[in-house]
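First up is the structure itself, then whatever we jot down about it.
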Amino acid sequence: MKKALFIFLSAALGNILAANAQYYNTTGKHLYYETHNSRNNITRQSLSFVKQTEAENDTLHITLADSVLPLNEEKKGFMSRQKIAYTQDNTIVYMMDETSMSDDMKIIMDNKEKEEEVMKKLSSEGCIYIVLHNRVRKGEKMKKSKYTFKAGPIKMTTTLNGEYQGFERLKTPAGEFDCIKLTYTMKANMLLVFSETVNITEWYAQGIGLVKSEEYENKEKTKTIKTLIDIKEPL
């Protein structure tokens with residue numbers, strides 16, 4: 001009963017505050033994805049759902065839970081979280097931010113004392129994000145964003161640059177969706193030791209959020225495709 005009530009309230013609150021251009025999951029349903037990586041030729045399934053919503057002034061903060069399902073007893077699943085904000089008809093999707101590091105550490109580490117010890121050595125600033133709304137034009141540049149992660153004397157900086165490709169109707173196993181299409185590049189640099197460039201194309205639909213993404217890692221020559229394959233009521 002409590003679970004059903006939470007789902008209902010989350011969906012209702014999302015619909016009230018995000019009536020025009022909500023590019024995130026407002027249905028209260030579970031979104032199932034299939035992800036294929038060309039490097040190891042492994043296909044995995046995951047489900048995404050709204051974990052929490054919180055209204056603050058004119059902004060709705062949404063936390064999505066992305067649970068990767070286990071392949072077998074040897075290859076276990078795991079869960080991550082993603083933060084989204086809806087404000088003034090804009091959906092802001094955060095890839096990296098100042099609090100995501102601590103949130104991920106809490107999920108990964110089960111030893112509280114070890115977690116606190118590690119956290120003292122880590123810090124970050126800035127954020128990597130994309131903005132979605134109905135007013136985008138093909139060829140319009142996305143706002144650049146930057147995130148810096150520090151672990152003691154080691155610093156890694158990630159930047160995002162890209163542009164909107166307008167609107168496109170996309171067919172997936174879960175159905176057909178009218179989507180915003182965007183392409184962007186994420187570059188990560190750590191001193192002279194490590195550098196990586198990833199070219200990304202994504203499609204987002206209203207009331208759903210991510211419908212499909214294609215990532216190409218230049219260094220490893222690896223392509224990862226994530227596709228929405230089903231939308232179901234939660235069990």
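Using a 4.5 Å heavy-atom cutoff, the side chains of Y24 and Y86 are in contact. Contact of the E168 side chain with the C179 side chain is not registered, since no non-hydrogen atoms from C-beta on lie closer than 4.5 Å. Side-chain contact between I229 and T172 is absent, with no heavy-atom pair separated by less than 4.5 Å. A heavy-atom distance below 4.5 Å is not found between the side chains of V198 and T185. With a 4.5 Å cut-off on side-chain heavy atoms, M186 and T158 count as touching. Contact of the L31 side chain with the L47 side chain is not registered, since no non-hydrogen atoms from C-beta on lie closer than 4.5 Å. Under the 4.5 Å side-chain criterion, counting only non-hydrogen atoms from C-beta, Q82 is not in contact with Y94. Within the 4.5 Å cutoff, the side chain of V93 has heavy atoms near those of the L132 side chain.
Panel note: side chain Y33, backbone R44; no donor-acceptor pair is recorded below 3.5 Å. The closest donor-acceptor contact from the side chain of T222 to the backbone of E220 lies under 3.5 Å.
K141 has a carboxylate O that lies under 4.0 Å from a charged side-chain N of E163, or vice versa, which qualifies the two as a salt bridge. The pair K212-E214 meets the salt-bridge criterion, since a charged nitrogen lies less than 4.0 angstrom from a carboxylate oxygen. We find that K181 and E202 are not joined by a salt bridge, their nearest charged nitrogen and carboxylate oxygen being 4.0 Å or further apart. Remark: D230 does not engage K29 in a salt bridge, criterion side-chain N to carboxylate O under 4.0 Å.
When only modelled atom types and interatomic distance are considered, T59 and N57 share no side-chain donor-acceptor pair under 3.5 Å. Using modelled atom types, one finds a donor on one side chain and an acceptor on the other under 3.5 Å when comparing T224 with N37. E233 and H30 form no side-chain donor-acceptor contact under 3.5 Å, judged by distance and modelled atom types alone. One side chain, N218 or N199, offers a donor N or O that lies under 3.5 Å from an acceptor on the other. When only modelled atom types and interatomic distance are considered, Y23 and N134 share a side-chain donor-acceptor pair under 3.5 Å.
When hydrophobic clusters are built by joining Ile, Leu, Val, Met, Phe, Trp and Tyr residues whose side-chain heavy atoms come closer than 4.5 Å, directly or via intermediates, I231 is grouped together with Y204. Note on Y216 and I128: separate hydrophobic clusters, where clusters join Ile, Leu, Val, Met, Phe, Trp and Tyr whose side-chain heavy atoms are under 4.5 Å apart, directly or indirectly. In terms of hydrophobic clustering, with Ile, Leu, Val, Met, Phe, Trp and Tyr side chains grouped at heavy-atom distances under 4.5 Å, L228 and I225 are assigned to different clusters.
For the salt bridge (charged side-chain N to carboxylate O under 4.0 Å, His left out) test with D66, the passing option among K83, R81, K51, K226 is K226; the others fail.
Heavy-atom minimum distance, S195 versus N189: CB-OD1, 3.4 Å. Among all heavy-atom pairs drawn from A85 and H61, the shortest one is CB-ND1, 4.3 Å.
Rounded to the nearest 0.5 Å, atoms OG (S67) and CZ (F49) are 6.5 Å apart.
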Does the pair T183 and Q165 meet the rule for a side-chain hydrogen bond (donor to acceptor under 3.5 Å, both in side chains), with working shown? CA-CA 7 Å; T183 57; Q165 302 299 326; 2.9 Å; yes
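By the neighbour-count criterion of 12 heavy atoms within 6.0 Å, atom CZ of R169 is densely surrounded, having more than that number from other residues, nucleotides or ligands.
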